[in-house]
Amino acid sequence: QVQLVESGGGLVQAGGSLRLSCAASGRTFSTYAMGWFRQAPGKEREFVAAISWSGGSIFYSDSVKGRFTISRDNAKNTVYLQMSSLKPEDTAVYSCAVKYWSGNYPEATGYKYWGQGTQVTVSS
């Protein structure tokens with residue numbers, strides 16, 4: 001069992017930055033890949049970024065590539081999402097998740113444990 005708690009969301013102007021954190025409980029955190037997803041009102045959940053257990057493999061959606069950076073600190077059981085050059089279309093609830101099953105990183109069905117999410121609102 002893994003529990004995830006996101007933090008760092010908030011209201012920011014377009015062009016600004018935020019850093020999201022996802023703190024995980026459980027001793028096996030370092031053995032799992034992790035992902036960030038987001039969901040805007042009225043839209044389907046969307047893959048944002050993922051990172052392998054070692055941090056050696058990283059994936060981004062085309063919509064955030066070059067603006068967002070995912071990282072992890074296994075000693076702190078935490079994964080981060082540094083978001084820069086934010087746009088109003090980045091407004092969503094951002095959730096982290098544990099990649100528990102095999103499959104492509106962007107596929108949400110491969111993730112078993114999810115956090116409650118943190119709201120990010122980007123004003124124009």
Side-chain angles (χ1 to χ4, degrees):
Q1 187 82 12
V2 178
Q3 292 185 326
L4 305 173
V5 178
E6 301 95 339
S7 62
L11 174 64
V12 64
Q13 288 188 333
S17 299
L18 283 174
R19 187 176 83 154
L20 306 183
S21 298
C22 170
S25 65
R27 293 175 293 177
T28 59
F29 169 81
S30 63
T31 65
Y32 292 111
M34 298 291 295
W36 283 98
F37 289 77
R38 67 187 182 185
Q39 188 165 20
K43 295 188 177 181
E44 293 187 353
R45 183 165 53 195
E46 174 189 18
F47 169 76
V48 175
I51 186 168
S52 64
W53 69 271
S54 67
S57 295
I58 289 176
F59 307 86
Y60 296 102
S61 68
D62 288 342
S63 61
V64 307
K65 196 174 297 181
R67 300 187 298 121
F68 291 11
T69 301
I70 189 172
S71 62
R72 67 189 297 161
D73 185 337
N74 287 339
K76 296 182 178 179
N77 279 10
T78 302
V79 62
Y80 304 97
L81 186 68
Q82 177 67 49
M83 306 186 295
S84 302
S85 301
L86 283 162
K87 305 175 181 180
E89 51 264 43
D90 293 319
T91 295
V93 174
Y94 285 71
S95 301
C96 62
V98 174
K99 194 176 188 315
Y100 194 78
W101 295 291
S102 61
N104 295 328
Y105 278 80
E107 296 175 355
T109 53
Y111 296 77
K112 181 177 182 180
Y113 301 107
W114 294 80
Q116 292 297 311
T118 184
Q119 176 70 47
V120 171
T121 303
V122 184
S123 63
S124 57

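Just the heavy atoms: all of them, side chains too, but no hydrogens, waters or symmetry mates, feed the values below. For clarity, every value in this text was computed on a predicted model and none was experimentally measured. One-based numbering along the sequence shown.
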For the [atom1] atom of [X] and the [atom2] atom of [Y], what is their distance to the nearest 0.5 Å?
{"X": "F59", "Y": "I70", "atom1": "CZ", "atom2": "CD1", "answer": "10.5 Å"}
{"X": "W36", "Y": "L81", "atom1": "CH2", "atom2": "CG", "answer": "6.0 Å"}
{"X": "M34", "Y": "K99", "atom1": "CE", "atom2": "NZ", "answer": "12.0 Å"}
{"X": "R19", "Y": "S71", "atom1": "CZ", "atom2": "OG", "answer": "7.0 Å"}
{"X": "T31", "Y": "W53", "atom1": "OG1", "atom2": "CH2", "answer": "9.0 Å"}
{"X": "K112", "Y": "Y100", "atom1": "NZ", "atom2": "OH", "answer": "4.0 Å"}

Would you check if the side chain of [X] reaches a backbone N or O of [Y] as a donor-acceptor pair within less than 3.5 Å?
{"X": "N74", "Y": "S54", "result": "no"}
{"X": "Y111", "Y": "Y105", "result": "yes"}
{"X": "T78", "Y": "K76", "result": "yes"}
{"X": "T121", "Y": "L11", "result": "no"}
{"X": "N104", "Y": "P106", "result": "no"}
{"X": "Q3", "Y": "S25", "result": "no"}
{"X": "Q13", "Y": "V122", "result": "no"}

Just wondering, are more than 12 heavy atoms of other shown residues or ligands nearer than 6.0 Å to CD in Q39?
yes
May I ask you to check whether over 12 heavy atoms, not counting those of W114, lie within 6.0 Å of atom CH2?
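Above 12, so yes.
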Side chains of T118 and V93: closer than 4.5 Å at any heavy-atom pair?
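When only atoms from C-beta onward are counted, V93 and T118 do not touch, as no gap falls below 4.5 Å.
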Residue pair [X] / [Y]: nearest heavy atoms and the distance that separates them:
{"X": "V48", "Y": "V64", "value": "O-CG2, 3.5 Å"}
{"X": "V2", "Y": "Y113", "value": "O-CD2, 3.6 Å"}
{"X": "A14", "Y": "P88", "value": "CB-CD, 4.1 Å"}
{"X": "L4", "Y": "A24", "value": "CD2-CB, 3.5 Å"}
{"X": "D73", "Y": "F29", "value": "O-CE2, 4.3 Å"}
{"X": "R38", "Y": "S63", "value": "NH2-OG, 3.5 Å"}

Taking it one step at a time, do M83 and V120 satisfy side-chain contact (heavy atoms from CB on, under 4.5 Å)?
CA-CA 10 Å; M83 306 186 295; V120 171; 3.8 Å; yes
Check the angle between the aromatic planes of F37 and F47 and answer parallel, tilted or perpendicular using the 30° and 60° thresholds.
perpendicular
Residues forming a side chain to side chain contact (heavy atoms under 4.5 Å, CB included) with S17, sequence neighbours excluded:
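Scan of S17 (side chain to side chain contact (heavy atoms under 4.5 Å, CB included), adjacent residues dropped) gives Q82, S84.
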Carboxylate-amine/guanidinium proximity below 4.0 Å for K87 and D90
no
Looking at Y80, does the NZ or CZ of R72 lie under 6.0 angstrom from its six-membered ring centre and within 45 degrees of the ring axis?
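Output no; distance or angle outside limits.
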